[in-house]
Amino acid sequence: MGAGETYPDITLLQPLAYFFGVTLDELMGYNQEKIQADIDEVITLYRKNKNKNTKAAREIIVKAYRDYPNDFWIMHYYMWNIAGDYSDNDPTVLLAHKDEFLSICDKMIEGCTEETLRLGAWNMRAKILHVEGRTADALKIHQNKFTNWYHTGSQKNEQLFAKDTEEYYFWLNKNMYELIAFARHKLACAIFYDRSLSAEEKAQKAIGYGQIMLRCFDETKDIFFAGLAKAFLGQTRGLFMYCGGNDADVVAVLDMNLYAAKKIAEAEKDDPAVHEAYFPARASVEGNDFLAWIVNGLLNPKDKRRAELLKNPEYRAVLDRYK
């Protein structure tokens with residue numbers, strides 16, 4: 001400030017606001033609605049780039065955290081982006097950012113009312129304890145702070161209704177389809193990371209399981225088996241594409257994966273539980289067409305491996321057949 005200049009007397013602010021007919025926030029140029037709109041916009045931009053352009057996503061969230069250091073969602077995304085997401089975290093990164101992350105966790109646990117973010121903070125605390133060699137303490141956090149299968153919101157929704165009602169049957173099936181999507185990850189990883197199997201044996205086992213699931217669907221017409229096959233084969237396809245697997249294995253799994261997706265897309269039209277389990281997060285650019293959503297994503301050469309596969313005539317032929 002220049003010579004002779006002083007800050008205004010803070011006691012005059014309220015009378016000034018009253019005189020001009022504005023709030024104190026407006027008088028000071030603070031617009032909460034605009035700030036929240038800016039935060040929402042930057043979060044949307046971050047989410048769009050998170051899986052497409054990791055460098056851009058990192059730049060977006062680091063700047064957002066610098067600009068809005070007290071927004072809980074910004075804190076959450078910043079912390080987990082730096083940490084490398086929820087699994088396979090680099091211990092050196094966690095330890096290097098230990099103090100910063102624990103400070104963020106403290107703020108969330110003490111001041112945030114959104115349970116998703118609070119649990120994310122407890123999860124980070126457990127991860128840091130683990131890399132410090134205090135795994136028993138990390139496991140206690142998971143045991144004491146996180147619910148088990150039987151106390152989830154979806155399970156409780158199911159239990160609201162009598163078993164002879166349409167509402168109960170809807171939630172029963174919705175929960176079943178969602179659990180399929182979770183179990184597929186476990187089954188695919190159980191095969192792929194089995195160190196007793198060779199790469200060829202892993203491929204044979206995974207493809208064989210997929211064939212069994214699809215055979216069960218073809219014989220029963222129960223969408224459960226198509227959902228199981230689609231989820232399992234989708235996870236297996238990703239593992240073969242990025243973690244070890246030849247093009248022939250990817251093509252074989254892709255063909256079965258898209259067949260199952262086609263059957264789910266057909267069932268979705270008549271079964272609201274299938275729709276709720278598979279479609280709520282899908283944008284409507286393809287009219288919520290599950291199969292088109294998958295195929296169009298695979299046709300996008302967003303990384304080197306996918307670009308290589310698109311040059312394979314057999315891989316491309318499968319996509320063209322289902323497109």
Without hydrogens or angle criteria, can the side chains of [X] and [Y] be said to hold a donor-acceptor pair below 3.5 Å?
X: Y259; Y: D218; value: yes
X: R306; Y: N300; value: no
X: D255; Y: Y322; value: yes

Same cluster (ILVMFWY, side-chain, under 4.5 Å), [X] and [Y]:
X: W122; Y: L102; answer: no
X: M256; Y: L187; answer: yes
X: V62; Y: L45; answer: yes
X: L117; Y: I109; answer: no
X: M176; Y: M213; answer: yes

So, taking the atom named [atom1] in [X] and the one named [atom2] in [Y], what distance separates them when rounded to the nearest 0.5 Å?
X: I43; Y: D71; atom1: CD1; atom2: CG; answer: 5.5 Å
X: F170; Y: N157; atom1: CZ; atom2: CG; answer: 9.5 Å
X: R316; Y: L299; atom1: CZ; atom2: CG; answer: 5.5 Å
X: S154; Y: K174; atom1: OG; atom2: NZ; answer: 4.5 Å
X: R134; Y: K140; atom1: CZ; atom2: NZ; answer: 10.0 Å
X: N148; Y: Q143; atom1: CG; atom2: CD; answer: 10.5 Å

Mind checking whether [X] and [Y] have side chains closer than 4.5 Å, heavy atoms only?
X: D247; Y: E314; answer: no
X: I207; Y: K202; answer: no
X: Y68; Y: D38; answer: yes
X: Y242; Y: D303; answer: yes
X: I74; Y: M79; answer: no
X: D194; Y: I191; answer: no
X: L254; Y: L298; answer: yes
X: M124; Y: W80; answer: yes

Hey, is the main chain of [Y] close enough, under 3.5 Å, to the side chain of [X] for a donor-acceptor pair?
X: N296; Y: A292; value: yes
X: N173; Y: Y169; value: yes
X: D90; Y: T92; value: yes
X: N257; Y: K230; value: yes
X: T44; Y: D40; value: yes
X: N175; Y: W171; value: yes
X: R237; Y: A252; value: no
X: N89; Y: A83; value: yes
X: E201; Y: S198; value: yes
X: K127; Y: Y86; value: yes

Got more than 12 heavy atoms from elsewhere within 6.0 Å of [atom1], [X]?
X: K107; atom1: NZ; answer: yes
X: H130; atom1: NE2; answer: no
X: K323; atom1: NZ; answer: no
X: E115; atom1: CD; answer: yes
X: E167; atom1: CD; answer: yes

Practice problem: Run the numbers on L258 and V295 for side chain to side chain contact (heavy atoms under 4.5 Å, CB included), then give the verdict. | Solution: CA-CA 8 Å; L258 293 182; V295 172; 4.1 Å; yes
Exercise. Walk me through it: do T220 and F225 pass the test side chain to side chain contact (heavy atoms under 4.5 Å, CB included)?
Key: CA-CA 9 Å; T220 65; F225 295 108; 3.5 Å; yes
Which heavy atom in [X] sits nearest to a heavy atom in [Y], and how many Å separate them?
X: Q155; Y: W149; answer: CB-O, 4.0 Å
X: R305; Y: G245; answer: NH2-O, 3.5 Å
X: C243; Y: Y193; answer: SG-OH, 4.3 Å
X: A126; Y: A138; answer: O-CB, 3.1 Å
X: M75; Y: I104; answer: CB-CG2, 3.8 Å
X: N49; Y: A56; answer: OD1-CB, 3.9 Å

Quiz prompt | Parallel, tilted or perpendicular: rings of Y78 and Y65 (30°, 60°) | solution = parallel
Exercise. Please work out which of the three classes, parallel, tilted or perpendicular, describes the rings of F146 and H142, given edges at 30° and 60°.
Key: perpendicular
Quiz prompt | Pair F217-D222, side chain to side chain contact (heavy atoms under 4.5 Å, CB included): steps then yes or no | solution = CA-CA 6 Å; F217 169 75; D222 191 325; 5.6 Å; no
Quiz item: Given the rule in the salt bridge (Lys or Arg N to Asp or Glu O under 4.0 Å) test, do R125 and D137 qualify, once you have shown the distances and angles that lead to the verdict?
Solution: CA-CA 10 Å; R125 277 190 171 183; D137 292 332; over 6 Å; no
Practice problem: Start with the C-alpha gap between E132 and K98, add the side-chain angles, then the distance that decides, and say whether salt bridge (Lys or Arg N to Asp or Glu O under 4.0 Å) holds. | Solution: CA-CA 10 Å; E132 288 180 326; K98 170 187 168 182; 2.5 Å; yes
Quiz prompt | Full working for side chain to side chain contact (heavy atoms under 4.5 Å, CB included) between R58 and I82 | solution = CA-CA 8 Å; R58 170 66 60 86; I82 299 296; 3.7 Å; yes
